[in-house]
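We're numbering straight along the sequence, starting at 1. Counting convention: from 1, in listed order, for ligands and their atoms alike.
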Amino acid sequence: MSRFWSQHVHNLTPYVPGEQPQGRKVIKLNTNECPWGPSPRVLAALRATADERLRLYPDPDACPLKQAAAAANGLQPAQVFAGNGSDEVLAHVFQALLRQPAPLLMPDITYSFYPVYCGLFGIDFQTVALDADFRLRVADYARPCGGIIFANPNAPTGIALPLADIEALLAAHPDVVVVADEAYVDFGGESACALIDRFDNLLVVQTLSKSRALAGLRVGLAFGHADLIAGLERVKNSFNSYPLDMFAINGATAAYEDEAWFRDIRDRVVRGREALAEALTGLGFRVLPSATNFLFARPGAGHEAAALAAALRQQGILVRHFNRPRISDWLRITVGTPEECAALVAALQRLCAPAPV
Ligand SMILES: *Cc1c(COP(=O)(O)O)cnc(C)c1O
């Protein structure tokens, strides 16, 4: 608090990211990072970037990255926007496309950064309740609005919305922008990029933080009609001409050039997810079907999610608990390496064991 804060800053409710312990050795299953490192080709590209050319500004348009990302999704570079992590891309999306007279619609349970951007940009929004099984029902969005945003697969539930439902949503709302945040799509969702050429109101947001193991590099993308992208570029060029440094541009471009590595770690995460889901179910958890690199799980009767998260933390295992309506009984657990998952299951076995009679 300071008397120098503007009223606007005073009224903000900033996002609180998951804990990033510095130096301490923990099993980190709380922020959905990839448990394996990035492609060796990415590391080679980063090393090759460390030379005297750093005295120059980077390419303001990140052209090689846009080309690689466009090709990977069957699109043109003019249909691609690149930013400093998808959080920054989302900020520009809210500012450029979702700041409308009518309220923005979003699920009641979704990425909790969306309401933060609404606060930052003064955007009115309404939440639409997911059904009792945490599924998005397209019919519930049949009301006037200034835009729609949701994560697909959703976070923190992990549940994927079928492409046919997104198509129905786009067709029902031709005059507002519909944003699909696909941070986790590579782990089992269907990308809406396939619909971009048919719907000029669709914007798809992706990140290299999860499935490409590059959370530390900060690279996010948006895909959509060239006119939507041009709107994002207007905001970006009114804010920061160089959001991606040379390392980010070169490293991210190299990531798209190693599909074999990408498929390998994705498949390992998916196998690990299914094994962990089975183990948690065996321990009495209810586990939602996940199309992501995390599981959303509710401990069995007699065990409290918040207390379990705290007890795991004591043992050096971090998972995420959200103290929010409808989900305060649940834990979001990132799929780690098989060894990390085994350590988690062993700890939960001890914590959830029935008390000796
Ligand atoms: C992780 C995540 C992001 C942010 O990703 P960055 O590119 O690392 O900023 C955006 N949306 C959702 C739903 C996420 O889970």
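Of all atoms in ligand 1, numbered sequentially from 1 with element shown, those under 4.0 Å from a heavy atom of T207 are 5 (O), 6 (P), 7 (O), 8 (O). Set against the non-hydrogen atoms of Y184, the atoms of ligand 1 under 4.0 Å away are 1 (C), 14 (C), 15 (O). The distance from ligand 1 to the heavy atoms of S209 drops below 4.0 Å at these ligand atoms: 6 (P), 7 (O), 8 (O). Within ligand 1, counting atoms from 1 as listed, the ones closer than 4.0 Å to a heavy atom of G85 are 7 (O), 9 (O). Ligand-side atoms of ligand 1 in range of R218: 6 (P), 8 (O), 9 (O), range being under 4.0 angstrom from any heavy atom.
In summary, the aromatic rings of F294 and F187 are positioned with their centroids too far apart to meet the 6.0 Å limit. Taking the ring centroids of H173 and Y141, they lie at or beyond the 6.0 Å cut-off. Ring-centre distance between F125 and Y117: not below the 6.0 Å cut-off. Aromatic pair F94/F121: centroids not less than 6.0 angstrom apart.
Geometric assessment of R41 against the ring of W261 yields a negative cation-pi assignment under the 6.0 Å and 45° thresholds.
Using bins of under 30°, 30° to 60° and over 60° for the plane-to-plane angle, the ring pair H92/F81 lands in the perpendicular bin.
If you check which protein heavy atom lies closest to atom 13 (C) of ligand 1, you get D181 OD2, 3.3 Å. For atom 5 (O) of ligand 1, the closest non-hydrogen atom of the protein is S86 OG, 2.9 Å. Distance from atom 2 (C) of ligand 1 to its nearest protein heavy atom, with residue and atom name: K210 NZ, 2.4 Å.
Defined by atom type and a distance below 3.5 Å, a donor-acceptor pair is missing between the side-chain atoms of T207 and K210.
Residue contact check for ligand 1: F113 places no non-hydrogen atom closer than 4.0 Å to it.
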